[in-house]
Enquirer: 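Just passing along the structure, written as structure tokens.
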Protein chains: 2
Amino acid sequence: MSHTLGIRQAQKQKTRQALLDAALGLLEEQSLSSLGLREVTRAVGVAPTAFYRHFRSTADLGVTLVEEALGSLHPMIRTTVHPSDTSDERIARAVELIARHVAANPAHIRFIARERHGGVQPVRAAIQDQLARFAEDVKAELAMDPVSAGWHDDDLLMLAHLYVDQMLMTASLFLDALEATEEERERIAQIATNRMRLISIGRRHWLD
Amino acid sequence: MSHTLGIRQAQKQKTRQALLDAALGLLEEQSLSSLGLREVTRAVGVAPTAFYRHFRSTADLGVTLVEEALGSLHPMIRTTVHPSDTSDERIARAVELIARHVAANPAHIRFIARERHGGVQPVRAAIQDQLARFAEDVKAELAMDPVSAGWHDDDLLMLAHLYVDQMLMTASLFLDALEATEEERERIAQIATNRMRLISIGRRHWLD
DNA sequence: AATTCCGGAGAACAGTTGTTAACTGCATGG
DNA sequence: CCATGCAGTTAACAACTGTTCTCCGGAATT
């Protein structure tokens with residue numbers, strides 16, 4: 001099935017990835033709406049015009065970055081929310097997993113948090129789209145849980161979105177604490193855990 | 001106490017406000033990190049150099065905008081969260097109030113949501129600072145409620161931050177639906193209400 | 001082996017940016 | 001009434017931007 005692509009397309013994808021990586025790096029200290037295409041090509045060491053061989057504009061590149069950052073995260077989300085063990089265990093696992101993911105891919109997370117409400121409409125739309133898909137995933141997993149018996153479909157989706165937003169908030173908190181001490185990060189993990197716990201408690205008593 | 005300032009300082013504050021207003025308008029379709037000072041002065045109809053009489057940089061202007069957008073909101077927050085009537089009544093009142101505030105000041109809210117994780121550090125810091133103060137306000141009001149008896153201080157602050165974040169999320173949702181139909185906005189209000197309700201339920205059963 | 005394809009380079013374009021310096025006119029305080 | 005202060009102007013600066021067109025070299029195709 002997998003066709004080893006010629007050295008031509010290989011080179012193309014290589015510079016394309018270099019452009020994406022360079023852009024992601026530059027976006028740590030600015031927003032996408034101020035990212036110039038020359039800036040990116042300069043960072044890669046390539047002519048400005050080469051940019052057009054890969055992206056129509058920086059906004060287009062941004063949409064690709066959204067895909068790169070969130071596209072492969074769906075399985076991760078599903079297994080995390082999957083109702084297998086205790087609620088508290090699940091929460092602890094989720095917080096731990098978020099902390100690891102942020103530490104491993106800080107630039108991607110920062111990009112998403114920044115551009116979710118950023119100044120470039122297509123990118124905003126792409127992020128909203130991915131987050132909505134996350135919410136659908138979460139909803140599907142929540143529906144399997146016996147706790148969700150008797151719930152309205154709308155309320156289940158509401159809760160799913162609440163969880164997704166919470167995960168992003170948590171990620172953003174860890175992001176700000178990347179340079180901080182171990183104790184500080186532990187404190188943040190504790191707060192994030194308690195937030196999730198409180199929401200889960202609300203969930204259990206929703207139908208009272 | 002109030003000293004009517006001379007026609008000199010009056011004119012100065014007038015153009016200063018014009019700069020702020022023009023910037024806020026331009027920021028509806030871009031991020032602060034891409035806002036140029038010439039762009040702003042051009043929109044006002046004033047020489048580029050005049051900008052320096054009022055702000056050191058666009059980042060400086062941004063910090064002022066944060067103050068303008070959030071500075072006067074503290075009393076509003078306190079009275080909204082104040083434990084006077086039923087929890088459900090309080091929530092309905094809060095959602096209604098947020099909807100009105102967003103409809104009345106969309107640009108300010110958009111600016112805050114956008115720059116909260118935006119690319120300009122001083123502005124980010126100013127927003128975080130204001131939000132932290134909101135959380136302190138909310139915590140103080142929550143502490144008055146008998147429901148909060150026996151709560152740890154940390155958990156009370158955790159809940160306060162959760163409420164603050166929730167308000168901003170709700171505001172952002174209303175923002176995206178400004179152009180939408182009345183029914184759509186009503187649907188969003190319903191979802192936001194349910195989110196708050198679920199959190200409040202979690203709060204009531206926190207000490208179980 | 002000859003030809004086509006195409007990622008990237010190079011140069012040039014009109015227009016933009018932030019910042020500087022020296023100025024002008026008018027409200028202000030003595 | 002006159003001298004000072006100061007908001008805003010004008011002009012100029014080097015540096016930067018996105019985009020177009022033309023070209024090159026080497027991989028891909030025939």
Side-chain angles (χ1 to χ4, degrees), chain A residues 2-27 29-65 115 118-123, chain B residues 2-27 29-65 115 118-123:
Chain A
S2 74
H3 173 255
T4 42
L5 58 190
I7 91 176
R8 184 140 195 176
Q9 304 220 10
Q11 263 300 336
K12 174 164 184 179
Q13 291 217 353
K14 199 171 152 190
T15 58
R16 179 187 150 100
Q17 192 57 48
L19 288 170
L20 287 167
D21 293 347
L24 201 57
L26 292 165
L27 285 171
E29 301 173 1
Q30 62 184 309
S31 307
L32 182 62
S33 82
S34 68
L35 183 71
L37 109 196
R38 295 185 97 110
E39 201 177 348
V40 178
T41 57
R42 193 186 314 129
V44 175
V46 91
T49 49
F51 187 91
Y52 293 106
R53 302 286 182 195
H54 304 275
F55 307 102
R56 229 182 296 273
S57 61
T58 52
D60 185 25
L61 179 146
V63 172
T64 304
L65 277 180
E115 300 304 328
V120 183
Q121 199 274 327
V123 172
Chain B
S2 75
H3 174 254
T4 42
L5 57 191
I7 91 178
R8 182 131 195 183
Q9 304 220 11
Q11 262 301 334
K12 175 163 185 179
Q13 290 217 354
K14 199 171 153 189
T15 58
R16 181 188 149 100
Q17 191 57 47
L19 287 169
L20 288 167
D21 293 346
L24 201 56
L26 291 165
L27 285 171
E29 300 173 2
Q30 63 183 310
S31 308
L32 181 62
S33 81
S34 68
L35 182 70
L37 109 199
R38 296 185 95 110
E39 201 177 348
V40 179
T41 56
R42 193 186 314 128
V44 174
V46 91
T49 47
F51 186 92
Y52 292 108
R53 301 287 180 194
H54 304 275
F55 307 102
R56 228 182 296 274
S57 62
T58 51
D60 185 25
L61 179 146
V63 172
T64 304
L65 277 180
E115 301 303 329
V120 183
Q121 200 272 330
V123 171

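In what follows, chains are A, B, ... by sequence order, proteins preceding strands, each numbered from 1.
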Enquirer: Which nucleotide in the list D/dC16, D/dG8, D/dT9 gets nearest to the side chain of B/Ala47?
Expert: D/dT9
Enquirer: Taking atom P of D/dC6 as reference, at what distance in whole Å does atom CZ of B/Arg16 sit?
Expert: 17 Å
Enquirer: Rounded at 0.5 Å granularity, tell me how far CG in A/Leu61 sits from CZ in A/Arg16.
Expert: 8.5 Å
Enquirer: To the closest 0.5 Å, what do you measure between CZ (B/Arg38) and OG1 (B/Thr58)?
Expert: 13.5 Å
Enquirer: Can you list every pair that meets ring-ring contact (aromatic ring centres under 6.0 Å, His included) and has a residue in residues 30-54 of chain A, with sequence neighbours left out?
Expert: A/Phe51-A/Phe55
Enquirer: For DNA chain C, whose closest nucleotide is more 5', that of B/Gly36 or that of A/Val46?
Expert: A/Val46
Enquirer: For a 4.5 angstrom cut-off between non-hydrogen side-chain atoms, does A/Glu39 reach A/Gln30?
Expert: yes
Enquirer: Using the side chain to side chain donor-acceptor pair (under 3.5 Å) criterion, which residues pair with B/Gln17? Sequence neighbours excluded.
Expert: B/Asp21, B/Glu68
Enquirer: Given 3.5 Å as the limit, does a donor-acceptor pair link the side chain of B/Ser31 with the main chain of B/Leu27, or not?
Expert: no
Enquirer: Measure the spacing between CG of A/Leu37 and OG1 of A/Thr49 and express it to the nearest 0.5 Å.
Expert: 9.0 Å
Enquirer: Tell me, please, which residues at least two apart from A/Ala59 pass side chain to side chain contact (heavy atoms under 4.5 Å, CB included).
Expert: A/Ser57, A/Val120
Enquirer: Would you kindly give the NE2-to-P distance between B/His54 and D/dC6, to the nearest whole Å?
Expert: 14 Å
Enquirer: With a 4.5 Å limit on heavy-atom distance, are the side chains of A/Val44 and A/Thr15 in contact?
Expert: no
Enquirer: If pairs are Watson-Crick or G-U with both distances under 3.5 Å, what is the dot-bracket string of DNA chain C, marking crossing pairs with [ ] and pairs to another strand with |?
Expert: |||||||||||||||||.||||||||||||
Enquirer: Assess whether atom CD of A/Glu29 is packed by more than 12 heavy atoms of other residues, nucleotides or ligands within 6.0 Å.
Expert: no
Enquirer: When you check every protein heavy atom under 4.0 Å of nucleotides 19-29 of chain D, what one-letter string (B, S, -) results, 5' to 3'?
Expert: BBB----BBS-
Enquirer: Find the distance B/Phe55:CZ to D/dG8:P and express it as a whole number of Å.
Expert: 11 Å
Enquirer: Would you check if there is a donor-acceptor pair between the side chains of B/Ser34 and A/Ser33 at a distance under 3.5 Å?
Expert: yes
Enquirer: Distance check needed: D/dG18 P versus A/Leu61 CG, whole Å only.
Expert: 12 Å
Enquirer: What are the 5'-most and 3'-most nucleotides of DNA chain C lying under 4.0 Å from any heavy atom of chain A?
Expert: C/dC5 to C/dA12
